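See structure below.
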Number of protein chains: 2
Amino acid sequence: MEQRIDRIKKQLHSQSYKLTPQREATVRVLLEHEDDHLSAEDVYMLVKEKYPEIGLATVYRTLELLTELKVVDKINFGDGVSRYDLRQEGAAHFHHHLVCLECGSVDEIQEDLLDDVEKEVETRWNFEIKDHRLTFHGICHRCK
Amino acid sequence: MEQRIDRIKKQLHSQSYKLTPQREATVRVLLEHEDDHLSAEDVYMLVKEKYPEIGLATVYRTLELLTELKVVDKINFGDGVSRYDLRQEGAAHFHHHLVCLECGSVDEIQEDLLDDVEKEVETRWNFEIKDHRLTFHGICHRCK
DNA sequence: CTGTCAAATGATAATGATTATCATGATAAT
DNA sequence: ATTATCATGATAATCATTATCATTTGACAG
């Protein structure tokens, strides 16, 4: 935990941003909920527990900043809300998601799976892939 | 064109919806811009050219209805706007997208590509896949 | 035909998420 | 200490989407 925060701090500094108390509190919430897919409002409410003076705008700004730095990824599952998902440290690509149509749960797939597909797309469509988003919609193992 | 409208008409009737003039005008716009990825506002402005009395709410309602019937798919590329994309007739699954980070263009991949990946997900994660969304972000062949 | 009823429409208000603004507060360098 | 810069919090503004509601339309019964 502390080491990860430290690395994020360094990453911020390398672009001359600071790790303010508000930003640190926000990052801690994200680390503590690594498996969830929190909306900005979710993050706001969780951060407020530890840091009640924080404003919603600051949370939005911090999440935007972390997205720029590729510490988090901003995703959208089709409800009108953006969600923020920590990247695995050192992961080349963004992980995939399984969205259950029954219970609404969102599970993650950390494996790459797309290596072959990406090679094919790069050559056949002459497209240089920088990132991807892959989401499956269906029935999760719990609901079956 | 006329045949496709006719089939959509039948599809509506089968669920006891009608193909009103407003709905037909909207469908025509979608058919005429099959390769684009129009937002509701885009569709609205295009439909207005032929049917100026139409209201924005009707366009939203029609797009929602067509989404339900799986005539179109609602997609979201991360700007705050939903886009509506005609499904290929008879396509089992939704097609994929190539979003260019340089010029913002969106190209389509009609091939399935995910067969193997889906088999793996179904067995390893015990997840029954109903649909998917796959988008690649990168540099398109024109910008390279 | 003509009246009736449910569905569809258009105008517009309401909502909800996100972004912009701006005065204030903290921080670091001179 | 002083200034300049960045960050923050409160709140207003914006933008896409949804809800409301009075009116219109079209199918159908009599």
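Throughout, protein chains are lettered first and strands after them, A, B, ... in sequence-line order, and every chain is numbered starting at 1. On a predicted model such as this, the values are computed, not experimentally measured, just so you know.
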Item to complete: Map every base of DNA chain C to its dot-bracket character, where paired means a Watson-Crick or G-U wobble contact with both distances under 3.5 Å and | marks a partner outside the strand.
Response: ||||||||||||||||||||||||||||||
Worksheet item: In whole Å, what is the span from the CG atom of L56(B) to the C1' atom of dA16(D)?
Response: 9 Å
Worksheet item: When all nucleic acid strands are considered with a 4.0 Å heavy-atom cut-off, which category describes S82(B): base, sugar-phosphate, or nothing?
Response: sugar-phosphate
Practice prompt. For DNA chain C, note the earliest and the latest nucleotide, 5' to 3', having some atom under 4.0 Å of a heavy atom belonging to chain A.
Written response: dA17(C) to dT21(C)
Item to complete: Can you sort out the partners of Y44(A) under ring-ring contact (aromatic ring centres under 6.0 Å, His included), two or more places apart, ordered by chain and number?
Response: none
Item to complete: Look at atom OH of Y17(A) and say whether more than 12 heavy atoms of other residues, nucleotides or ligands are closer to it than 6.0 Å.
Response: no
Worksheet item: How about V29(B) and L38(B): do any of their side-chain heavy atoms sit closer than 4.5 Å?
Response: yes
Fill in: From K9(B), K10(B), R4(B), residue fulfilling salt bridge (Lys or Arg N to Asp or Glu O under 4.0 Å) relative to D6(B)
K10(B)
Worksheet item: Is a side-chain N or O of T123(B) found less than 3.5 angstrom from the main chain of E120(B), in a donor-acceptor match?
Response: yes
Practice prompt. Give the rounded distance in Å between these two atoms: NE2 of H13(B) and P of dA27(D).
Written response: 9 Å
Fill in: Derivation of the salt bridge (Lys or Arg N to Asp or Glu O under 4.0 Å) call for E2(A) and R28(A)
CA-CA 9 Å; E2(A) 300 310 318; R28(A) 277 183 194 280; 3.1 Å; yes
Discussion item. Once ring-ring contact (aromatic ring centres under 6.0 Å, His included) is applied, do any residues pair with F94(B), and if so which ones, sequence neighbours excluded?
Written reply: H97(B)
Worksheet, complete the sentence: Smallest heavy-atom separation, K18(A) atom then R23(A) atom, equals O-NH1, 2.7 Å
Worksheet item: Which word best sums up how the rings of H132(A) and H96(A) line up, parallel for under 30°, tilted for 30 to 60°, or perpendicular for over 60°?
Response: tilted
Fill in: Proximity to DNA chain C (any heavy atom under 4.0 Å), residues of residues 19-44 of chain B only
T20(B), Q22(B), R23(B)
Item to complete: Answer yes or no: is there a side-chain heavy-atom contact under 4.5 Å between T135(B) and H137(B)?
Response: yes
Fill in: Interface residues of residues 58-75 of chain A with DNA chain D (non-hydrogen, below 4.0 angstrom)
T58(A), R61(A)
Practice prompt. Give the intermediate values and the outcome of side-chain contact (heavy atoms from CB on, under 4.5 Å) for residues V47(B) and T62(B).
Written response: CA-CA 12 Å; V47(B) 179; T62(B) 302; over 6 Å; no
Practice prompt. Classify the side-chain pair H95(A)/Q88(A) by whether it contains a donor and acceptor separated by less than 3.5 Å.
Written response: no
Worksheet item: Can a salt bridge be assigned to the pair K70(A) and D131(A) using a cut-off of 4.0 Å between side-chain N and carboxylate O?
Response: no
